[in-house]
Amino acid sequence: LVTFNTLISGHCKKGHMGDAYKVLDLMGKQGIRPDVVTYSALVNGHCKEGRLEEACKLFEEMKRRGVAPDGVLFTTLIDGHCKEGAIEDALKLHDEMRGRGIKVDVVAYNALIYGLCRAGNLKKAKKFLDGMVKAGLVPDKVTYTILIDGFCKEWNLHGALEMRNRMIRRGINLDSVAYTALITGLARRGRVVEAHSMLHEMLKAGFMPDDATYTMVIDGHCRNGDLQRAFKLFKEMRHSGVVPGVIHYNVLINGLCKEGQTRKANMLLKTMIDRGLVPDDITYNTLIHGHCKEKNSEVVRKLRDEIGLVPDLAA
RNA sequence: UGGUGGGUAGU
């Protein structure tokens with residue numbers, strides 16, 4: 001059973017649901033009945049590919065077959081619904097879970113808080129935070145990071161910073177993900193100076209900013225029209241061991257385009273290709289957008305012919 | 001053996 005479950009979970013994580021079902025079939029032929037772990041892996045796979053109906057169908061099928069759902073399976077479903085924006089259904093699942101006497105752990109609360117944040121209901125998200133504490137649970141760094149990010153996305157930096165303080169008061173240190181969530185909030189708000197100093201604070205605290213952290217500080221400088229600092233940081237980040245990736249180039253190309261420096265943007269595109277990076281659809285859309293604004297549709301055609309980039313529908 | 005957090009374009 002464990003062997004089959006391991007295989008099924010592997011296929012589901014890769015998004016190869018067809019293969020997962022082949023293994024399930026094989027498993028049945030061996031006379032082994034899928035258990036709650038098998039179903040969780042499959043349900044998770046369907047959730048991650050955005051097929052909630054399939055996930056729910058399996059869930060119902062499992063119950064019909066007399067397999068009892070547990071907390072992990074409920075959390076999987078709750079998270080799947082939250083990510084599709086179906087927060088009301090996620091809350092119903094939460095009720096069903098409690099009705100069955102299944103305990104709601106930190107991971108389940110985190111999934112719900114994430115969903116509430118995505119729905120823009122920060123008030124209720126905070127209530128759930130209080131609720132989990134009252135239930136005797138200890139919010140962890142994921143809980144707080146979700147809330148920091150949630151407040152940032154609502155442009156409520158005050159709320160985000162409050163969450164950071166609550167986190168620290170609980171003796172939880174910010175890690176690089178939490179820092180980046182905050183830095184993102186600051187950078188998008190045009191508060192790059194603070195974002196940049198937070199990057200230094202992070203280094204002092206012993207956390208290595210990673211590619212995402214640098215992306216946002218570089219992007220912040222670009223949004224401020226300060227390409228000098230953006231490029232300077234782009235060079236500096238190598239010293240932190242961060243290898244420039246497609247996203248970093250995309251951010252810089254976008255910055256150049258926004259400043260009307262489309263020729264330099266093209267040069268940067270060539271540079272990234274020379275360095276062995278593969279531009280993605282965002283690179284192309286960014287360039288097309290920039291060139292169209294400059295009424296350079298000829299250049300767009302040239303980029304397509306010379307570099308062979310294919311615009312997608314959005315472009 | 002299964003579940004939760006951060007980054008770029010357009011929309």
Side-chain angles (χ1 to χ4, degrees), chain A residues 1-10 12-13 20 23 34-45 47-48 55 69-80 82-83 90 97 104-115 117-118 139-150 152-153 160 163 167 174-185 187-188 195 209-220 222-223 230 242 245-255 257-258 265 279-290 292-293 311-315:
Chain A
L1 178 65
V2 172
T3 311
F4 281 111
N5 283 349
T6 306
L7 275 168
I8 289 172
S9 150
C12 289
K13 285 218 167 89
V23 177
D35 67 353
V36 67
V37 174
T38 322
Y39 281 105
S40 300
L42 290 164
V43 164
N44 191 32
C47 287
K48 295 280 141 71
D70 65 2
V72 173
L73 178 52
F74 268 105
T75 304
T76 307
L77 275 164
I78 286 173
D79 183 57
C82 287
K83 296 229 158 74
M97 187 174 178
V104 185
D105 66 6
V106 177
V107 177
Y109 266 104
N110 288 349
L112 283 162
I113 291 172
Y114 181 90
C117 286
R118 286 226 352 191
D140 60 9
K141 64 179 187 216
V142 175
T143 319
Y144 288 108
T145 306
I146 291 167
L147 284 157
I148 287 172
D149 180 56
C152 285
K153 294 220 160 84
M163 281 302 142
M167 181 173 179
L174 278 79
D175 64 6
S176 59
V177 177
Y179 268 114
T180 305
L182 255 181
I183 285 172
T184 301
R188 287 206 178 118
D210 61 14
D211 43 350
T213 322
Y214 279 104
T215 297
M216 284 319 293
V217 183
I218 291 171
D219 187 52
C222 288
R223 279 170 207 270
V242 175
V246 175
I247 300 181
H248 300 117
Y249 279 97
N250 288 351
V251 165
L252 288 168
I253 286 172
N254 186 41
C257 287
K258 289 264 151 68
D280 61 11
D281 49 346
I282 295 183
T283 318
Y284 206 63
N285 289 351
T286 306
L287 276 163
I288 288 180
H289 193 72
C292 286
K293 273 201 317 202
D312 70 357
L313 206 58

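Proteins get letters first, then strands, A, B, ... in listed order; numbering begins at 1 in each. Note that the structure is predicted; figures quoted are calculated from it, not measured.
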OH of A/Y249 versus C1' of B/A9: gap in Å, rounded? 18 Å
Sorted by chain and number, sequence neighbours left out, ring-ring contact (aromatic ring centres under 6.0 Å, His included) with A/Y249 holds for A/F234
Just jot down the ring-ring contact (aromatic ring centres under 6.0 Å, His included) partners of A/F74, sequence neighbours excluded, or say none. A/F59
Check: A/R223 side chain, A/R188 main-chain N or O, donor-acceptor pair, under 3.5 Å: no
Among A/D219, A/T283, A/T215, A/T286, find the residue that satisfies the side chain to side chain donor-acceptor pair (under 3.5 Å) test when tested with A/N250. A/T283
Atom pair distance, as rounded to whole Å: CG in A/L7 and P in B/G2: 12 Å
With a 4.0 Å cut-off on heavy atoms, is A/T38 in touch with a base, just the backbone sugar-phosphate, or nothing at all? nothing
Nearest-nucleotide pick for A/T184, side chain only, options being B/G2, B/G6, B/U8: B/G6
Residue A/V37, side-chain heavy atoms: nucleotide from B/U8, B/G5, B/G2 that is nearest: B/G2
From A/M216 CE over to A/D211 CG, what is the distance, rounded to the nearest 0.5 angstrom? 13.0 Å
Heavy atoms under 4.0 Å, any strand shown: does A/T143 hit a base, just sugar-phosphate, or nothing? nothing
Of the listed B/U1, B/U4, B/G7, the closest approach to the A/D79 side chain comes from B/U4
Rounding to an integer number of Å, can you tell me how far A/N44 CG sits from B/G3 P? 6 Å
Among B/U1, B/G7, B/U8, which is the nearest nucleotide to the side chain of A/N250? B/U8
Looking only at the side chain of A/T75 (C-beta and beyond, no hydrogens), which of the listed nucleotides B/G3, B/G2, B/U8 gets closest? B/G3
Compute whether any side-chain donor of one residue and acceptor of the other, for A/N44 and A/D79, lie under 3.5 angstrom apart. no
Within the 4.0 Å heavy-atom criterion, would you say A/V246 contacts the bases, only the backbone, or no part of the nucleic acid? nothing
Considering only side-chain heavy atoms of A/I146, which listed nucleotide, B/U4, B/A9, B/G2, is closest? B/U4
What's A/I148 touching, base or sugar-phosphate or nothing? Going by heavy atoms closer than 4.0 Å. nothing
Choose from B/G5, B/U8, B/G3 the nucleotide whose nearest atom is closest to any side-chain atom of A/T215. B/U8
Report yes if at least one side-chain N or O of A/Y179 is closer than 4.0 Å to OP1 or OP2 of B/G5; otherwise report no. no
Of all the nucleotides listed (B/A9, B/G6, B/U4), which has the minimum atom distance to the side chain of A/K153? B/G6
Counting only distance, no hydrogens or angles, is the base of B/G2 paired donor-acceptor with the side chain of A/T6 under 3.5 Å? no
Return the nearest nucleotide to the side chain of A/H289; candidates are B/G2, B/G7, B/G10. B/G10
Less than 4.0 angstrom between a side-chain N/O of A/K13 and OP1 or OP2 of B/U1, yes or no? no
Rounded to whole Å, please give me the gap between CG in A/D35 and P in B/G3. 14 Å
A/A212 has a side chain; which of B/G7, B/U8, B/G5 sits nearest to it? B/G7
What integer distance in Å separates A/D210:CG from B/G5:P? 16 Å
A/R223 vs B/A9: side-chain N/O to OP1/OP2 distance below 4.0 Å: yes
Base, sugar-phosphate, or nothing: which does A/V72 touch, judged by heavy atoms less than 4.0 Å apart? base
Take atom CG of A/L42 and atom C1' of B/U1, then tell me their distance rounded to the nearest Å. 12 Å
Hey, does the side-chain of A/D105 have a donor or acceptor N/O within less than 3.5 Å of a partner on the base of B/G3? yes
Can you check the A/N254 CG to B/U8 P distance for me, whole Å? 10 Å
What integer distance in Å separates A/L77:CG from B/G3:C1'? 10 Å
Nearest-0.5 Å distance, CG of residue A/L73 to CG of residue A/L42: 10.5 Å
Describe the nucleic acid contact of A/D140 in one word from base, sugar-phosphate, nothing, applying a heavy-atom distance below 4.0 Å. nothing
Under 4.0 angstrom, heavy atoms only, what part of the nucleic acid is A/A108 near: base, sugar-phosphate, or nothing? base
Give one of base, sugar-phosphate or nothing for A/D211, where a contact means two heavy atoms less than 4.0 Å apart. base
Using only side-chain N and O atoms of A/K83, determine if any of them is under 4.0 Å from OP1 or OP2 of B/G3. no
